[in-house]
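Remarks on the structure that follows.
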Amino acid sequence: MRRLRKALGRILLTVLLLVLSVLLAVGVVLGWQGHTLYKEAVETAPIGSMYDRIRARGEFVTFDQLPGTYVDAVISVEDRRFAVHHGIDPISIGRALVIDVKTHSLAEGGSTLTQQLAKNELFTQEKRMARKAAEMFAALDIEKNYSKQQIFEMYANTIYFGSGYYGIAQAAQGYFGKTPAQLTDAEAVVLAGLPNAPSLYSPKGNPALALKRTKVVLDRMTEAKKLTPAEADVLEAEITALPVMAQP
């Protein structure tokens with residue numbers, strides 16, 4: 001029996017070492033492929049001039065023109081550790097992996113705002129592991145070149161909000177007929193929730209789903225201590241009453 005246990009132990013150890021070797025090899029290959037994709041992308045669109053390129057497109061909204069509630073809502077629901085990470089957040093990635101394993105999906109990516117900016121500006125939307133690695137290299141580079149406020153500005157001015165609206169200026173005007181600075185807290189929360197799945201959550205097409213998404217945003221803001229439960233309840237009532245949330 002003792003010999004059998006030893007033999008099984010050696011077999012298990014061998015299998016574990018083989019699995020780890022395979023994972024290491026896959027990681028090296030994906031890292032190499034990702035770095036190649038990253039280098040190709042920045043040769044075409046250098047990260048050092050990304051901010052100027054985005055500003056030159058027009059309708060650029062600076063950080064001080066963004067409602068504080070919008071900033072708090074985006075960071076709470078998309079990237080709570082935005083202020084402290086350097087482009088990649090291992091804690092969020094680990095949490096996303098656990099959720100993906102439980103749900104047998106790739107629904108959670110653990111991407112930071114910086115990674116989302118890199119994906120939207122430099123890469124395709126295709127879900128490939130090599131592209132994910134490239135996105136990480138680019139995010140690290142972006143963080144070296146720009147301040148957190150500049151990164152948030154670039155994110156807010158380029159992200160898709162659904163219904164054909166790109167950037168916070170188009171979204172504020174398209175959904176509410178306002179500039180970003182004129183948005184109410186309720187309107188700001190609505191816009192903060194849309195980029196997660198803009199076609200799905202657009203209040204013009206799916207007001208019921210848009211409302212559910214705003215509840216998620218409010219919950220995350222409460223968890224992050226940006227709102228008290230009472231304040232979240234007040235905002236939820238205001239959001240429900242918005243004309244854009246009216247059922248067709």
Side-chain angles (χ1 to χ4, degrees), residues 15-42 45 47-48 50-51 63 70-156 158-160 192-193 195-197 213 216-217 219-226:
V15 170
L16 178 60
L17 290 174
L18 284 172
V19 171
L20 290 175
S21 298
V22 170
L23 290 175
L24 178 61
V26 170
V28 170
V29 171
L30 288 175
W32 176 78
Q33 291 177 339
H35 192 264
T36 300
L37 286 174
Y38 152 72
K39 295 298 289 185
E40 291 173 350
V42 297
I47 283 176
M50 178 183 286
Y51 189 79
F63 190 84
Y70 173 74
V71 176
D72 288 342
V74 170
I75 291 175
S76 296
V77 76
E78 294 287 344
D79 186 3
R80 194 182 299 183
R81 288 166 43 81
F82 176 67
V84 298
H85 66 63
H86 299 287
I88 301 171
D89 187 359
I91 294 175
S92 292
I93 292 173
R95 184 167 55 244
L97 284 173
V98 171
I99 293 173
D100 286 344
V101 169
K102 288 181 177 179
T103 59
H104 305 288
S105 71
L106 292 175
E108 297 287 332
S111 292
T112 62
L113 292 182
T114 317
Q115 286 176 261
Q116 293 179 50
L117 172 64
K119 177 182 68 176
N120 292 332
E121 287 298 299
L122 299 171
F123 307 108
T124 68
Q125 303 300 304
E126 182 183 0
K127 285 193 173 183
R128 292 173 51 206
M129 294 303 294
R131 193 226 69 206
K132 192 73 174 179
E135 180 186 299
M136 291 180 178
F137 284 114
L140 292 171
D141 202 356
I142 290 170
E143 292 271 348
K144 290 178 183 177
N145 280 271
Y146 300 107
S147 69
K148 290 291 185 179
Q149 285 194 359
Q150 288 175 313
I151 292 169
F152 195 95
E153 284 177 347
M154 290 189 285
Y155 169 88
T158 57
I159 201 72
Y160 184 51
N196 179 264
R213 177 61 180 168
V216 172
V217 177
D219 286 344
R220 298 286 178 83
M221 292 180 74
T222 303
E223 291 170 6
K225 309 300 183 185
K226 298 300 181 181

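Note that the numbering runs from 1 along the sequence shown for the chain.
- Partners of Tyr160 according to the ring-ring contact (aromatic ring centres under 6.0 Å, His included) rule, which considers only residues two or more places apart in sequence or in another chain, are Tyr166.
- For Glu40, the salt bridge (charged side-chain N to carboxylate O under 4.0 Å, His left out) test picks out no residue, with sequence neighbours left out.
- There is a side-chain donor-acceptor pair under 3.5 Å between Glu153 and Tyr51.
- At a threshold of 4.5 Å between non-hydrogen side-chain atoms, the residues Phe137 and Val42 do not count as touching.
- Atom CE of Met136 and atom OG of Ser111 lie 7.0 Å apart (nearest 0.5 Å).
- To the nearest 0.5 angstrom, Phe152 atom CZ is 10.0 Å from Asp79 atom CG.
- The minimum heavy-atom distance linking Gly48 with Tyr146 is given by the pair O-OH, 3.0 Å.
- Lys226 contributes atom NZ, which lies 10.0 Å from atom CZ of Arg80 (distance to the nearest 0.5 angstrom).
- The line from CD of Glu78 to CD of Gln115 is 12.0 Å long, rounded to the nearest 0.5 Å.
- Residues Thr112 and Gly87 come closest through the heavy atom pair OG1-O, 2.7 Å.
- With sequence neighbours excluded, no residue satisfies salt bridge (charged side-chain N to carboxylate O under 4.0 Å, His left out) with Lys39.
- Between the side chain of Thr114 and the main chain of Ala139, no donor-acceptor pair closer than 3.5 Å is present.
- Here Leu113 contributes atom CG and Glu143 contributes atom CD; the two are 9.5 Å apart, rounded to the nearest 0.5 Å.
- Atom CG of Leu122 is separated from atom CD1 of Ile142 by 6.0 Å, given to the nearest 0.5 angstrom.
- Inter-residue side-chain proximity for Tyr70 and Val74 is flagged as met; some heavy-atom pair is nearer than 4.5 Å.
- Exactly one of Met221, Lys225, Arg220 qualifies for a side chain to side chain contact (heavy atoms under 4.5 Å, CB included) with Glu223. That residue is Arg220.
- Nearest heavy-atom pair across Ala118 and Phe123 is O-CD1, 3.5 Å.
- In this structure, Pro195 and Ile159 approach most closely via the heavy-atom pair CB-CG1, 3.5 Å.
- Annotation for Ile47 and Ala138: closest pair CD1-O, 3.7 Å, computed over non-hydrogen atoms.
- Between the Lys119 side chain and the Glu135 main chain, no donor and acceptor come within less than 3.5 Å of each other.
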